[in-house]
Amino acid sequence: MLITLKDAATKLRAANKILITAHIQPDGDAIGSTLATMQILRGLGKTAQVFIDDTVRKNLHALPHFDEIRRPVSGETFDADLLLILDTSAERLGNVRKLTNAPALNIDHHITNTGADVDYLYVDKDAAATCEIVYRLARELDAEITPEIATCLYTGIATDTGFFQFSNTRAHTLAIASELITAGVSPHFISERMESKSLAEVQGLAAALNSLKMYFGDKVAGMILDHATMKKFDSTEGFIDEIRVIDTVDVAFLLSERAPNVCRVSMRSKGVDVSKIATSLGGGGHVRAAGCTLKTTLDEAEKILVGAIGNALGVGND
Ligand code: 5GP
Ligand code: MN
């Protein structure tokens, strides 16, 4: 059932024990929004705990209260009266759903979120990040925005907008960022922390760039990384941005084999709606940034993906 942000605030006010979660393969918005909401709810005297069923890239480990995030273990349950799902629809939660039968409140900014398998959904596709919505929620709840909360929220907004460069950066996005800086955020500190990469990651980027393939008269650029290459580095964060910038390119993709027959797809676009392509392949996302997982071989995944992108572009198979 679709609800307003006011309704979402009312549900949170009525709850006492809240289990907060976000998507697997968590990014700055997933971790920032869950940690900020945990602090906001605790500030209102509630019990709130974040569970994420995945590992988290190192750049996010220094966020306030990061060490309190828990990963569900097999057979575990958590006593909650509300499950709060942030920054994703319900299908990307790993085993978190097994922790509780509490009603699910979902707050998200993904256009592809249909509210399946949740009780209440507040979705705002014009929010650049879920952290932007959480900021408005905090205002709705009359919660104090501490410097720690502001740091978490700013990180999510900055990372989901490519540091205020992508098309989702709007006047209200910058207005909220400004409020967060007033609340105590140090933007350059967060930027430096987020752009930091290990030597292995930079070497991985070199390998990824070596795998660059162009399709459909250079309108599409792809990087394809097999499992052996993927094992050498722990993150592909930002790789796709290096090829998205090619002047002829409309759609860029990164196809990476995470395990045999498990291929992750990331897509970025300058025009075509890649959320539709991702949805048609079982994933989702935003108009200009989307992803999915293809459970097949790398070669087959490339064929399926390039075929779907070609159809969306209105061009034949390459
Ligand atoms: P990324 O390429 O950065 O992993 O993801 C781009 C956007 O698409 C993000 O907003 C992410 O949440 C969304 N996305 C990526 N993969 C999936 C997926 O498998 N399912 C859904 N529903 N969304 C995805
Ligand atoms: Mn997000």
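Each residue takes its place number in the sequence, starting with 1. All ligand and atom numbering here is 1-based and tracks the order in the structure.
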| Looking only at non-hydrogen atoms, which of R264, R92, H23, E237 approaches atom 11 (C) of ligand 1 most closely? |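 It is R92 whose heavy atom sits nearest to atom 11 (C) of ligand 1.
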
| query | Which of the listed options, S266, G291, G283, holds the heavy atom that is closest to atom 1 (P) of ligand 1? | reply |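 Among S266, G291, G283, the closest heavy atom to atom 1 (P) of ligand 1 belongs to S266.
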
Looking at [X], which atoms of ligand 1 are within less than 4.0 Å of one of its heavy atoms?
X	answer
R268	1 (P), 2 (O), 3 (O), 6 (C)
H286	10 (O)
G285	8 (O), 13 (C), 23 (N)

Report yes if some heavy atom in the side chain of [X] is under 4.5 Å from a heavy atom in the side chain of [Y]; otherwise report no.
X	Y	result
D53	T21	no
V265	L294	yes
Q39	E148	yes
N16	T47	no

| task | If you have a sec, read the angle at the Mn ion (ligand 2) from H109 atom NE2 over to D160 atom OD2, to 10 degrees. | result |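 The NE2/OD2 angle about the Mn ion (ligand 2) sits at 90°.
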
For [atom], find the nearest protein heavy atom and state the residue, atom name and distance (0.1 Å precision).
atom	value
atom 8 (O) of ligand 1	A290 CA, 3.2 Å
atom 7 (C) of ligand 1	A289 O, 3.4 Å
atom 21 (C) of ligand 1	G284 N, 3.2 Å
atom 9 (C) of ligand 1	H110 NE2, 3.8 Å

| Reported CD1-to-NZ distance for the pair I309 and K219, which is rounded to 0.5 angstrom |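 The CD1 atom of I309 sits 13.0 Å away from the NZ atom of K219.
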
| said: Please check if the number of heavy atoms outside D126 that lie under 6.0 Å from its CG is greater than 12. | reply: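 Yes.
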
| Over 12 non-hydrogen atoms of neighbours within 6.0 angstrom of NZ in K270 |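 Above 12, so yes.
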
| query | Any N or O on G282 sitting closer than 3.5 Å to an N or O of ligand 1? | reply |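 No.
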
| message | Would E91 count as a polar contact of ligand 1, with the cut-off being nitrogen or oxygen pairs under 3.5 Å? | response |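 In this structure, E91 places an N or O atom under 3.5 Å from an N or O of ligand 1.
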
| said: If you apply the rule side chain to side chain donor-acceptor pair (under 3.5 Å), what do you find for S269 with R288, and how did you get there? | reply: CA-CA 5 Å; S269 122; R288 297 204 167 152; 4.9 Å; no

| request: Could you tell me whether the Mn ion (ligand 2) has an N, O or S atom of D87 under 2.8 Å away? | output: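 It does: D87 brings an N, O or S atom closer than 2.8 Å to the Mn ion (ligand 2).
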
| request: Have a look at D29 and say which of its N, O or S atoms is nearest the Mn ion (ligand 2). | output: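 The D29 atom nearest to the Mn ion (ligand 2), restricting to N, O or S, is OD2.
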
| request: Salt-bridge test for R97 and D117: reply yes if a basic N is under 4.0 Å from a carboxylate O, no otherwise. | output: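 Salt bridge between R97 and D117, a charged N being under 4.0 Å from a carboxylate O: no.
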
